[in-house]
2 protein chains.
Amino acid sequence: MTVIEKTTWIGKPVPKLDAPKKVTGEARYVQDIELPGMLHGKILRSSRVHARIVRLDTSAAEKLEGVHAVITAADTPGVPLGHGKDNPPLKGDKVRSLRDEIAAVAAETEEIAEEALRLIEVEYEDLPAVFDPSAALLDDAPILHEEHPDNIPFAYDYEQGDVARGEADSDVVLENTFTLHFVTHCCMGVSGAVAEFDAEGNLTVHSQTQMPFLYKKEIAPVIGVPPEKIRVLQPTIGGGFGSKLDIYPFEPICIFLARETGRPVKLVFTREEEFVASPTRQPVELTLRSGVKKDGTLTFREVRTIHDNGAYTSWGATTPFVIMQTISSLYRVPHCSYRTTVVYTNNPYSGSFRGFGNLQATFAVESHMDRLAEAVEMDPLGFRLKNAQKPGETTPQGMVFRTCGLGECLETAAEKSGFVAKHARYAKGQDGPVKRGVGIASLLHVGGGAKIYRSDGCGTMLKMDDYGHVTVLTGASEIGQGSETVIAQFVAEELGLPISSIRVVNDDSEITPWDVGVHASRTTFIAGNSAQRAARKARKKLLEAAATKLGLDASELDLREANVTRADTGEVLVGLARLILSLHFADKSDVVMTTEYYEPPSVAQDKAFKGDVSASYAFGTQVVELEVDTETGVIRILRVTAAHDVGRVINLFGIQGQIEGGVAMGMGYALTEHLLVEDGVVQNPCFRDYKIVTAPEIPELDMHFIETEDPEGPSGAKGVGEAPSICIAAAIVNALYNATGTRFYSLPLTPERVLRGLKNGA
Amino acid sequence: MTVIEKTTWIGKPVPKLDAPKKVTGEARYVQDIELPGMLHGKILRSSRVHARIVRLDTSAAEKLEGVHAVITAADTPGVPLGHGKDNPPLKGDKVRSLRDEIAAVAAETEEIAEEALRLIEVEYEDLPAVFDPSAALLDDAPILHEEHPDNIPFAYDYEQGDVARGEADSDVVLENTFTLHFVTHCCMGVSGAVAEFDAEGNLTVHSQTQMPFLYKKEIAPVIGVPPEKIRVLQPTIGGGFGSKLDIYPFEPICIFLARETGRPVKLVFTREEEFVASPTRQPVELTLRSGVKKDGTLTFREVRTIHDNGAYTSWGATTPFVIMQTISSLYRVPHCSYRTTVVYTNNPYSGSFRGFGNLQATFAVESHMDRLAEAVEMDPLGFRLKNAQKPGETTPQGMVFRTCGLGECLETAAEKSGFVAKHARYAKGQDGPVKRGVGIASLLHVGGGAKIYRSDGCGTMLKMDDYGHVTVLTGASEIGQGSETVIAQFVAEELGLPISSIRVVNDDSEITPWDVGVHASRTTFIAGNSAQRAARKARKKLLEAAATKLGLDASELDLREANVTRADTGEVLVGLARLILSLHFADKSDVVMTTEYYEPPSVAQDKAFKGDVSASYAFGTQVVELEVDTETGVIRILRVTAAHDVGRVINLFGIQGQIEGGVAMGMGYALTEHLLVEDGVVQNPCFRDYKIVTAPEIPELDMHFIETEDPEGPSGAKGVGEAPSICIAAAIVNALYNATGTRFYSLPLTPERVLRGLKNGA
């Protein structure tokens with residue numbers, strides 16, 4: 001670990017700035033918004049999974065007292081939305097899944113709106129449906145979208161090196177098929193929006209979007225309002241995790257209702273609606289062939305996946321971008337081939353979800369790493385270390401690992417958990433029905449943004465008042481991940497101010513400059529760089545003014561504890577507020593305002609999917625120690641030892657929270673969470689039947705931060721928002737194998753499935 | 001008039017940007033603010049004009065169901081507020097006027113709060129009171145503030161040249177005493193505020209203040225919250241006219257109630273309360289001696305004034321600053337002496353009010369100009385022209401008239417109204433009871449800000465989105481005067497954009513940079529310069545980017561109609577939005593954000609009140625033609641011909657509106673408005689008894705804009721917000737003299753007073 005210079009805020013535990021308002025109830029979520037004259041919107045959804053709409057009669061609903069508008073597809077421009085632009089906000093001719101939106105109502109109260117929905121008559125003509133992506137690929141499969149008679153909206157094909165040669169070089173080749181299931185984000189705050197038009201047709205949307213600027217661009221053609229006339233205000237957001245990275249029908253529907261009625265309209269999901277009609281993590285069937293030489297050198301990976309796209313195409317269809325990165329570059333793989341087919345079905349459709357395909361990919365790759373190690377009789381740690389990249393390597397896909405803590409993560413997690421000894425001991429067999437196991441897995445993820453859109457940048461505008469209070473206008477949204485606090489830390493550090501002197505404004509697209517959105521773990525890196533550089537400009541101005549005032553050189557001065565000090569001795573020379581006032585009240589009066597636009601030096605991938613897509617890459621290793629009761633199938637996670645290459649810790653509390661949350665989310669994915677979709681119907685749309693990991697199940701967490709000090713990262717930091725959720729499922733199956741000798745290839749590891757697996761050999 | 005280059009927006013009639021929301025009811029005034037858990041505040045005011053508070057019992061009020069807090073002075077820090085820092089928000093020991101605040105209540109509803117006020121028991125011990133400022137100067141007068149046993153909080157003493165020599169040079173010396181009365185602002189939106197604290201003790205005030213940044217500084221010690229923890233949000237403001245330039249007790253009271261209850265509190269005046277407890281225009285008794293040589297050359301002015309300060313000291317006490325400017329510098333006056341005594345009385349106290357003393361001063365000076373002209377047998381126009389300054393002159397007080405349209409204003413107003421001929425004709429005597437008269441008067445006012453505070457500057461932050469939409473964050477508040485529209489015009493002009501592409505954000509001190517406030521007709525000049533320069537930086541960046549892209553020189557390019565064009569031919573080369581995107585999506589990606597802080601080159605006056613206090617000076621002449629019915633005393637204004645040196649017209653609609661409004665307000669001052677204060681009690685606190693000028697009384701208005709193109713003004717503009725109200729009263733009395741031969745020295749010219757004057761020789 002490198003020596004870090006003395007800091008006041010960087011690397012320290014800083015409580016989240018939005019915590020007080022959240023714990024006191026002061027935070028205003030979309031549910032809390034009340035506007036004069038506001039109406040309530042509700043959506044009528046399909047009761048069939050695939051059907052033609054033969055008749056739609058809204059006349060009774062329209063007549064209901066208190067109903068201001070009932071709209072159907074006929075009342076809208078019909079422009080489809082979503083990443084695949086295949087999803088009309090309201091469906092006019094046919095429905096393709098049970099969540100499909102058919103009509104919507106705006107009424108005085110939610111109750112009246114619901115009553116109105118019940119009065120809408122819909123006559124369907126059922127069509128044959130398909131729920132299995134493999135079945136959807138058959139020649140006679142039902143066709144969901146006429147434009148895609150093969151039911152394939154997207155396909156990916158990636159090659160590096162020569163897999164045939166890799167296979168020829170191999171002493172061992174293994175192949176398995178991994179089956180990953182439906183889960184959903186379970187944000188504590190359900191989906192919702194409030195829309196209002198002003199007298200001149202300008203639209204204000206109170207939206208939970210994670211990408212206010214792309215939101216304007218994306219929704220504009222759907223609603224027929226130019227993007228420059230759209231203002232996005234973000235209320236406090238009760239969780240995002242990727243779910244709010246696309247636009248879903250409910251937002252334009254809310255906007256259509258506002259336009260139709262000339263009144264503000266609020267449309268908020270019920271919890272059941274949230275389970276049924278919000279995005280999912282995309283189910284994948286992934287077949288992995290891997291090869292290895294006797295000496296433990298990886299030779300090749302060949303992957304085929306089928307993605308269940310559901311009925312419409314959101315970001316879920318693009319997760320292969322991330323999957324292929326892990327396939328190609330998690331450990332040194334000379335030859336690689338990757339083919340994905342994304343297939344329409346009449347199931348719920350998938351969005352982006354923390355990790356964005358990487359949980360699925362890493363589950364497969366890290367399961368195989370254990371199998372390959374065993375095949376060449378190496379211990380899992382040594383095998384991984386042998387294949388782990390070193391700093392300075394460029395992967396065949398073009399990712400440049402300027403820093404790379406993978407080896408150190410592996411070594412630290414293994415050492416701190418006693419992995420090697422325990423793994424050997426548990427593998428020897430244990431008495432009694434309760435068996436212990438340890439499993440190890442690592443991850444690779446983008447850590448410096450991802451050049452997916454044509455700009456991956458973030459803007460900052462900063463101003464100081466006469467008292468040293470700083471307002472930072474940043475494009476970066478706060479969705480609970482703590483970006484507000486981290487941005488304030490960067491600014492407070494540069495300007496030598498208490499954190500309470502910084503206010504971060506991040507919730508109004510009219511006021512804040514461009515940012516591409518919260519995704520790819522990019523905010524600390526990109527928005528942090530932008531804020532830090534804006535603050536440095538302010539610092540420079542202040543130090544130069546102080547130097548002039550004091551007759552010293554700016555290099556002799558520092559800003560500390562709201563004072564200008566001597567850099568060497570820390571002697572206080574003048575209070576910062578006094579300096580600011582003397583600048584403001586000077587003959588050549590000035591106030592401190594700066595701007596910064598930071599665009600990372602990453603590049604878009606080429607057509608062959610090659611290129612250095614991120615300015616930095618994050619690594620991590622997690623060791624799981626668990627107990628499994630072989631008589632009940634119940635797994636108890638005892639301890640997770642996590643070592644993450646975070647570049648540099650910025651907010652210790654924040655990064656601990658990210659790891660705790662990521663581990664819990666990854667555990668849920670591995671053990672308990674399963675959105676049960678049968679014949680296109682969600683069977684468990686409630687928290688009683690959909691089991692997330694809650695506080696009592698959280699294991700002991702031992703966290704270690706590998707500070708590789710990224711040269712481009714702000715103060716050396718890398719992004720780490722998604723990483724902690726990525727490799728835990730793999731570590732769990734590896735630990736389960738260590739405990740029982742039985743290997744599982746599908747998730748979640750519910751007691752029933754574990755018990756059946758242990759009986760049948762998984 | 002100079003030739004103005006071709007413009008798209010400058011000088012054109014642009015409807016106010018906030019007009020649609022005002023006419024549709026969408027605008028949210030303080031009355032419309034509703035916050036979760038909000039309570040309603042009400043203030044108990046004194047029922048005596050001067051008394052000790054012997055007993056104050058709030059126990060019954062506290063017990064009333066729905067009452068959350070009852071506060072008295074004992075619950076507050078007791079720090080006095082206002083310009084004179086002599087006004088405790090709640091009065092503990094004694095009351096000095098009928099509007100004095102004694103206690104306040106926060107309750108669930110306004111009705112409960114009012115009921116609670118009635119339950120508060122107050123026992124007074126009356127003190128002798130004084131209502132006449134001259135009486136308050138006597139040795140045995142009651143003392144209002146122990147710190148000022150002479151009842152004189154302020155006094156002013158100004159000299160230029162040598163009045164004795166001026167008098168010796170004079171062929172004629174005249175002396176009169178002018179008596180000016182109480183009027184009040186009559187804003188359509190009554191006073192009110194909403195205050196709320198967050199969990200960390202940060203305060204948000206929804207305030208109608210005209211000076212959000214000074215507000216933070218001024219209110220901080222009164223409420224015991226550091227200024228950097230105060231955020232000022234301005235709702236739509238229903239009129240300011242100077243009334244919101246100071247802090248009055250109701251705002252800290254609202255804040256105390258919010259702190260006491262831990263809930264948002266709204267406190268809004270009734271209309272009666274607005275008449276009784278909002279500021280007034282200060283009554284003045286002004287004695288003017290003026291001298292003139294036979295050839296019409298002014299020799300000296302000597303002025304003594306007594307100001308009725310009322311019970312506390314707000315900005316009204318500082319109007320002598322402006323009065324002395326008119327005394328010293330409206331026309332060329334070699335010798336001048338000016339002494340003011342500001343005197344405490346038990347009357348309502350005075351604030352700042354459009355024109356800020358200049359209505360009173362100009363009424364006296366321009367009345368005397370007519371008298372002096374008559375005395376030396378010159379016509380009123382010729383006499384004024386002889387004494388009017390020329391461009392380039394510096395007045396003895398140090399005002400530098402870089403431009404000066406006074407002569408042109410006089411000539412234009414006279415010519416367009418046919419003044420000279422009419423004046424001569426009407427003066428010859430007229431048959432019948434209804435007589436006609438014309439009167440002329442001019443004005444001098446600051447037109448480029450006023451360096452009263454240590455900074456007279458304004459900051460701007462500007463950003464463009466990917467579509468060419470511009471957000472302008474300005475410190476300058478919109479109080480109905482149209483600054484939002486003018487700022488948008490400057491930006492639209494520079495960037496070649498439609499006005500609808502500009503959004504001006506001006507209502508949140510957290511987000512907007514410093515501005516000293518709306519006063520001294522400074523906003524177009526100061527905030528306009530700031531916005532224009534910020535826009536020019538953006539323009540430069542765009543033209544340079546375009547030049548690089550197109551292989552041309554930036555000087556060959558222009559921005560017009562949202563395009564980059566050839567400067568010479570207007571040929572469209574590339575759309576602005578496309579250029580912005582190409583800048584944003586370039587390798588060296590960038591977005592357009594600029595900042596500008598503009599501080600005018602004016603200087604503070606020295607201790608002798610001399611100095612070039614404004615960056616520019618505005619002039620104007622108004623000719624009034626009226627009819628007076630000598631049998632009823634009723635005056636009817638037939639026509640006002642106004643010629644104003646505005647530097648340059650920016651928004652034709654805006655400047656027309658300012659002149660219409662200023663003339664109406666000045667007419668009200670001259671003819672109908674009178675806050676009747678008897679023994680400290682306002683007798684007419686309602687619009688039935690307090691008569692403002694309404695639409696049917698507005699005369700024909702003939703406006704002429706003298707465009708002197710101020711070298712420092714934005715596009716040549718000067719400030720003109722106050723000017724149109726200043727000289728109309730003088731023009732009216734001059735016209736009345738022209739019609740009847742009777743001269744009036746006090747206002748308002750109600751029918752009773754006119755009739756009595758005509759009978760008694762005024």
Side-chain angles (χ1 to χ4, degrees), chain A residues 17 19-21 23-26 28 32 34 36 196 198-200 202 213 216-217 220 226-229 231 454-457 459-461 463 465-469 471 473 500-501 503 505 508-514 577 581 584-599, chain B residues 17 19-21 23-26 28 32 34 36 198-200 202 213 216-217 220 226-229 231 454-457 459-461 463 465-469 471 473 500-501 503 505 508-514 577 581 584-599 603:
Chain A
L17 298 184
K21 70 175 185 167
V23 297
T24 57
E26 196 182 289
R28 288 174 200 163
D32 301 315
E34 296 292 337
E196 52 174 336
D198 72 11
E200 291 156 299
N202 296 302
F213 299 95
K216 287 168 55 168
K217 174 176 180 286
E228 61 272 26
K229 296 194 83 172
R231 180 177 197 166
R454 292 173 69 189
S455 160
D456 193 28
T460 304
M461 300 171 87
K463 68 143 182 148
D465 75 5
D466 278 355
Y467 316 100
H469 175 81
T471 305
L473 307 178
S500 59
S501 292
R503 172 117 57 162
V505 175
D508 182 351
S509 70
E510 184 62 40
I511 287 166
T512 58
W514 161 269
L581 267 189
H584 187 186
F585 293 162
D587 280 348
K588 202 178 143 21
S589 172
D590 208 352
V591 301
V592 178
M593 297 182 279
T594 67
T595 67
E596 174 68 29
Y597 182 72
Y598 175 74
E599 181 79 38
Chain B
L17 297 184
K21 71 175 184 167
V23 297
T24 57
E26 195 182 291
R28 286 171 201 164
D32 301 315
E34 295 292 336
D198 72 11
E200 291 157 298
N202 296 303
F213 299 95
K216 286 169 55 169
K217 174 176 180 286
E228 61 272 25
K229 296 193 84 174
R231 180 177 198 166
R454 292 173 69 190
S455 161
D456 193 28
T460 304
M461 300 171 86
K463 68 144 182 146
D465 77 3
D466 280 353
Y467 316 101
H469 175 80
T471 305
L473 308 178
S500 59
S501 291
R503 172 118 57 163
V505 175
D508 181 352
S509 70
E510 183 63 41
I511 287 166
T512 57
W514 161 270
L581 266 188
H584 187 187
F585 292 163
D587 280 349
K588 202 175 147 19
S589 172
D590 207 352
V591 300
V592 178
M593 297 182 280
T594 68
T595 67
E596 174 69 29
Y597 182 71
Y598 175 76
E599 181 78 37
V603 297

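To find a chain, count down the sequence lines: A is the first, B the second, and so on, and within it residues start at 1. Because the structure is a prediction, the values reported are computed rather than measured.
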Checking [X] against chain A: side chain, backbone, both or neither under 4.5 Å from a heavy atom?
X        : answer
B:Ile511 : both
B:Ser500 : neither
B:Ser501 : neither
B:Glu228 : both
B:Glu596 : backbone

Problem set entry | side-chain hydrogen bond (donor to acceptor under 3.5 Å, both in side chains) against A:Arg28, all qualifying residues, sequence neighbours excluded | B:Glu196

Exercise. Between A:Met593 and B:Thr460, which heavy-atom pair has the shortest distance, and what is it?
Worked result: SD-O, 3.8 Å

For this session: Give the minimum heavy-atom separation between A:Thr595 and B:Thr595, together with the two atoms involved.
Result: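 Heavy-atom minimum between the residues: CG2-CG2, 3.7 Å.
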
Let me know if [X] has heavy atoms under 4.5 Å from chain B in its side chain, its backbone, both or neither.
X        : value
A:Val505 : side chain
A:Asp590 : both
A:Lys217 : both
A:Asp466 : side chain
A:Thr24  : side chain

Problem set entry | Option that, when pairs with chain B are counted at under 4.5 Å, heavy atom only, ranks first among A:Met461, A:Lys588, A:Glu200 | A:Met461

Problem set entry | Top contributor to chain B interface from A:Glu599, A:Arg454, A:Glu34 [non-hydrogen pairs under 4.5 Å] |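 When all of A:Glu599, A:Arg454, A:Glu34 are compared, A:Arg454 has the most.
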
Exercise. Applying the side chain to side chain donor-acceptor pair (under 3.5 Å) test to B:His469, which of A:Glu510, A:Lys216, A:Arg231 qualifies?
Worked result: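 With B:His469 as partner, side chain to side chain donor-acceptor pair (under 3.5 Å) holds for just one option, A:Glu510.
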
Problem set entry | Test item: B:Tyr597 and B:Pro513 side chains (from C-beta on) under 4.5 Å apart, heavy atoms |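 Not touching, per the 4.5 Å side-chain cut-off.
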
When rounded to the nearest 0.5 angstrom, what is the spacing between [atom1] in [X] and [atom2] in [Y]?
X        : Y        : atom1 : atom2 : value
A:Lys463 : B:Trp514 : NZ    : CH2   : 11.0 Å
B:Leu17  : B:Arg503 : CG    : CZ    : 10.5 Å
A:Asp465 : B:Phe213 : CG    : CZ    : 8.5 Å

If you tally heavy-atom pairs under 4.5 Å against chain A, which of [options] wins?
options                                : result
B:Asp587, B:Thr471, B:Asn202           : B:Thr471
B:Pro36, B:Pro227, B:Gly459            : B:Pro227
B:Lys229, B:Glu26, B:His584            : B:His584
B:Leu473, B:Val592, B:Val603, B:Asp198 : B:Asp198

